[in-house]
Amino acid sequence: MDLEPIWLSLRLAAITTILLLFIGVPIAYWLSRKQTVLKLIAEALITMPLVLPPSVLGFYLLLAFSPSNAFGEWLQAHFDLQLVFSFKGLVIASIIYSLPFMVSPIKAAFSHLPKSMAEASYIMGKSKTQTFFKVLLPNIKASIFTAVVLTFAHTLGEFGVVLMIGGNIPGQTKVASIAIYDAVETMDYVSANAYALILFAITFIIVVGVFIINRNAVKSPFE
Amino acid sequence: MIELDIKKKIGSGSASLALQVKTSFQSNSVTRILGPSGAGKSTLLKIIAGLILPDKGTIKFENTIWFDSETKYNKKVQERQVGFVFQDYALFPNMTVEQHLSYGTTDLNYIRELLEMGELDQLTHRNPKQLSGGQQQRLAILRALSTKPKLLLMDEPFSALDAALKNRMMKSLKLIFEEQKTTVIMVTHQDNEWASADNQIFNLESRGN
């Protein structure tokens, strides 16, 4: 059996999760502060991939990334970047698709922290940056871990967006979920079963991990 | 001396409250703020600290302007060098007792002195969740003192302490306040022990709509 689709899925999930960690934490912090109309709209947009059919998102990303359209043409002309049917395109699509899985748990954790905790740090002369790294971030570690695991698992199981953007190029865009679909199409149920079992096992371990983390995270820090 | 002349509308609708304070508090003394529940005592402390902005008015500390609505000047919280004991303690769950104090000062002797004063010197490596309510409250007081503030604001600082412990803490605190020439403003319901010729009482009346 060709294990490349499994490795490709794991690589895509790992890269997407690492990039999303750096993008998602500041966005989550910004959203958790005082509510404004702009933030409301931003949060709604970030949440859209949760409710939108992946094919809709994939379709619009395909249009945007296509070199025959303005944005895709600009990317190709200025950065020599071809996002359609490439691994880089999959990473960008996955970042957009998995954004709510990173942002929502972290935003909830920031909002749950008592306001006086940051205030106590400011009073002691600490800047907002010092307070963020020394007080706020360490106290939402469990939620960050949950968000990381959820984002990884969600990216691992991507299908619709990947199919629209990446197609089915071995070693490039043929991730495990596509390989299952491909195997079923060609009536190769043995391979489909093997890929499916491996994905099931990895995802099951991840979900069990999330439950274990959540059991502690839902408690208040002082309980 | 701290001079206040401020107005602040708290809340909205029928539950709103107009907090209006024009007074001055002497330096190097302890002022107790008394008043009915919901009169805005905690808000007043937060306004002095710079955590809440007044709608109008001025705040001066030792002839330095901290807030002036006319010139739209507001001295940053971080630059006011005040200490604050929060009613909910606002401890940092990720830090041990000792780390709470070293977050405010690098002076190890002073940290040791504070730990002994708060009778927490045997619990230095515990996290807040491993402390009792009274121990947490003492840690909140010690943390506020760690930066040696010129102005210390305390919101119900002894509510979780038993009488004997409270008396011991008060004696030690009086010494520290004298030594560091600290101006103290505290919201408290009891504690007549602080009543003396040098100290003041400020009655905050409720002005609900």
Side-chain angles (χ1 to χ4, degrees), chain A residues 21 24-26 28-30 32-37 40 105-148 212-223, chain B residues 42-43 45-52 75-96 99-106 126-133 135-137 139-156 160:
Chain A
L21 187 62
V25 172
Y29 179 65
W30 177 67
S32 71
R33 303 295 94 184
K34 208 174 170 184
Q35 195 66 263
T36 62
V37 178
L40 202 79
I106 299 177
K107 188 220 154 186
F110 274 132
S111 305
H112 191 69
L113 289 177
K115 202 178 162 200
S116 56
M117 201 186 276
E119 289 176 341
S121 179
Y122 300 150
I123 288 275
M124 293 173 85
K126 307 297 177 190
S127 68
K128 284 194 169 176
T129 312
Q130 284 172 310
T131 302
F132 182 77
F133 285 107
K134 292 189 173 173
V135 176
L136 303 182
L137 217 48
N139 284 307
I140 60 156
K141 264 192 306 195
S143 298
I144 290 177
F145 196 52
T146 305
V148 162
I212 291 169
I213 297 157
N214 271 347
R215 204 181 49 184
N216 299 322
V218 287
K219 286 183 181 172
S220 139
F222 290 106
E223 274 173 9
Chain B
S42 298
T43 305
L45 287 191
K46 289 193 173 184
I47 285 174
I48 297 170
L51 295 170
I52 296 176
K75 195 179 176 107
K76 276 184 171 178
V77 182
Q78 286 91 341
E79 291 165 9
R80 294 193 186 196
Q81 293 178 311
V82 300
F84 203 114
V85 180
F86 289 84
Q87 202 171 7
D88 66 353
Y89 316 148
L91 298 174
F92 309 133
N94 61 312
M95 293 190 198
T96 63
Q99 284 167 340
H100 273 85
L101 305 188
S102 58
Y103 194 57
T105 179
T106 50
R126 288 203 188 174
N127 289 318
K129 66 179 174 187
Q130 296 166 314
L131 300 175
S132 70
Q135 288 164 342
Q136 288 183 18
Q137 193 165 42
L139 177 58
I141 297 170
L142 302 185
R143 182 183 61 181
L145 290 169
S146 69
T147 55
K148 296 191 178 174
K150 286 284 155 227
L151 174 65
L152 179 63
L153 305 161
M154 304 165 97
D155 197 352
E156 296 285 0

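Since the model is a prediction, treat every value here as computed from it, not as a measurement. Per chain, numbering begins at 1; letters A, B, ... match sequence-line order.
- With a threshold of 4.5 angstrom between heavy atoms, Arg80(B) does not approach chain A through any atom at all.
- When all heavy atoms of Ser127(A) and Gln78(B) are compared, the pair lying nearest together is CA-NE2, 3.8 Å.
- In plain terms, the two heavy atoms of Met124(A) and Ser146(B) that are nearest each other are CE-OG, 3.7 Å.
- With values rounded to the nearest 0.5 angstrom, Leu51(B) atom CG is found 4.5 Å from Ile123(A) atom CD1.
- Both the backbone and the side chain of Lys134(A) come within less than 4.5 Å of a heavy atom of chain B.
- Surrounding CZ of Phe145(A) are at most 12 heavy atoms belonging to other residues, nucleotides or ligands under 6.0 Å away.
- Side-chain atoms of Asn94(B) never come within 3.5 Å of backbone atoms of Asn139(A) as a donor-acceptor pair (strictly under, hydrogens ignored).
- Heavy-atom neighbours of Gln81(B) CD from other residues, nucleotides or ligands within 6.0 Å: at or below the threshold of 12.
- Contact of Lys126(A) with chain B is made through backbone and side chain together, with heavy-atom distances under 4.5 Å.
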| said: Please determine whether side-chain contact (heavy atoms from CB on, under 4.5 Å) holds for the pair Ser121(A) and Tyr103(B), giving the CA-CA distance in whole Å, both sets of side-chain angles, and the decisive distance to 0.1 Å. | reply: CA-CA 9 Å; Ser121(A) 179; Tyr103(B) 194 57; 2.8 Å; yes
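- In this structure, no portion of Lys76(B) lies under 4.5 Å from any heavy atom of chain A.
- The two residues Ser116(A) and Phe86(B) have their closest heavy-atom pair at CB-CD2, 3.7 Å.
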